[in-house]
Amino acid sequence: MIEVGSVFPDFSLTDQEGETHSRKDFGGAKTVFYFYPKDDTSGCTAEACEFRDLMPDIKGARIVGVSPDGQKSHKKFVDKHSLNFTLLSDTDHKLVEPLGIWVEKSLYGRKYMGVERTTYLVDTDGKILHIWRKVKPQGHAAEVQALLNS
């Protein structure tokens with residue numbers, strides 16, 4: 001499992017506009033990569049909207065959301081909720097699997113694979129500075145903000 005001090009895995013993923021990004025595209029500033037299960041569900045919407053609302057007060061870092069949803073889903077989610085940050089599509093699990101956050105989950109006794117809600121703070125050189133695991137969506141952006149602004 002990836003830990004604090006590890007280098008964040010490189011990737012090539014598309015955003016809500018269809019543009020391809022890699023880890024090096026986010027160099028030059030700290031980046032918060034927050035991983036969530038699904039666009040436009042209650043918890044994921046609450047988390048995204050909190051990041052949106054706190055963006056002006058989050059000092060010195062970019063926010064990037066990542067989920068297995070595709071570009072069209074991300075575009076609709078961004079437009080519906082006026083999100084002011086990049087969402088990356090990891091439809092083939094090329095990033096969540098190396099991070100160890102593509103896990104078996106259970107809902108009403110049904111087992112399935114999904115994203116374990118996790119956030120990584122990555123420095124300008126791609127090194128992981130902080131990890132929030134098994135995140136609760138409500139209040140999480142405020143936790144990230146508090147660490148960055150301390």
Taking only residues two or more places apart in sequence, or in another chain, which ones meet [X] in a salt bridge (Lys or Arg N to Asp or Glu O under 4.0 Å)?
X      : value
Arg117 : Glu47
Asp39  : none
Glu143 : none
Arg62  : none

Only counting residues at least two apart or in another chain, list the ones meeting side-chain hydrogen bond (donor to acceptor under 3.5 Å, both in side chains) with Lys38. Asp69
Hits for side-chain hydrogen bond (donor to acceptor under 3.5 Å, both in side chains) against Lys80, two or more places apart or cross-chain, chain-then-number order -> Asp40
Ser6: which residues meet the side chain to side chain contact (heavy atoms under 4.5 Å, CB included) condition with it, sequence neighbours left out? Ile2, Glu3, Ile128
Could you list the residues that satisfy ring-ring contact (aromatic ring centres under 6.0 Å, His included) with Phe8, not counting sequence neighbours? Phe33, Tyr120
Who passes ring-ring contact (aromatic ring centres under 6.0 Å, His included) against Trp132, sequence neighbours left out? His130, His140
Sorted by first residue and then second, give each side-chain hydrogen bond (donor to acceptor under 3.5 Å, both in side chains) pair with at least one member in residues 101-114; sequence neighbours left out. none
Gly43 and Pro137 have their tightest heavy-atom pair at O-CB, 3.2 Å
Please report the closest heavy-atom contact between Asp10 and Ser22, naming both atoms and the distance. OD1-CB, 3.8 Å
Tell me, which pairs form a salt bridge (Lys or Arg N to Asp or Glu O under 4.0 Å) where one or both residues lie in residues 122-132, sequence neighbours left out? none
Which residue pairs satisfy the salt bridge (Lys or Arg N to Asp or Glu O under 4.0 Å) criterion with at least one member in residues 13-27, sequence neighbours excluded? Glu17-Lys75
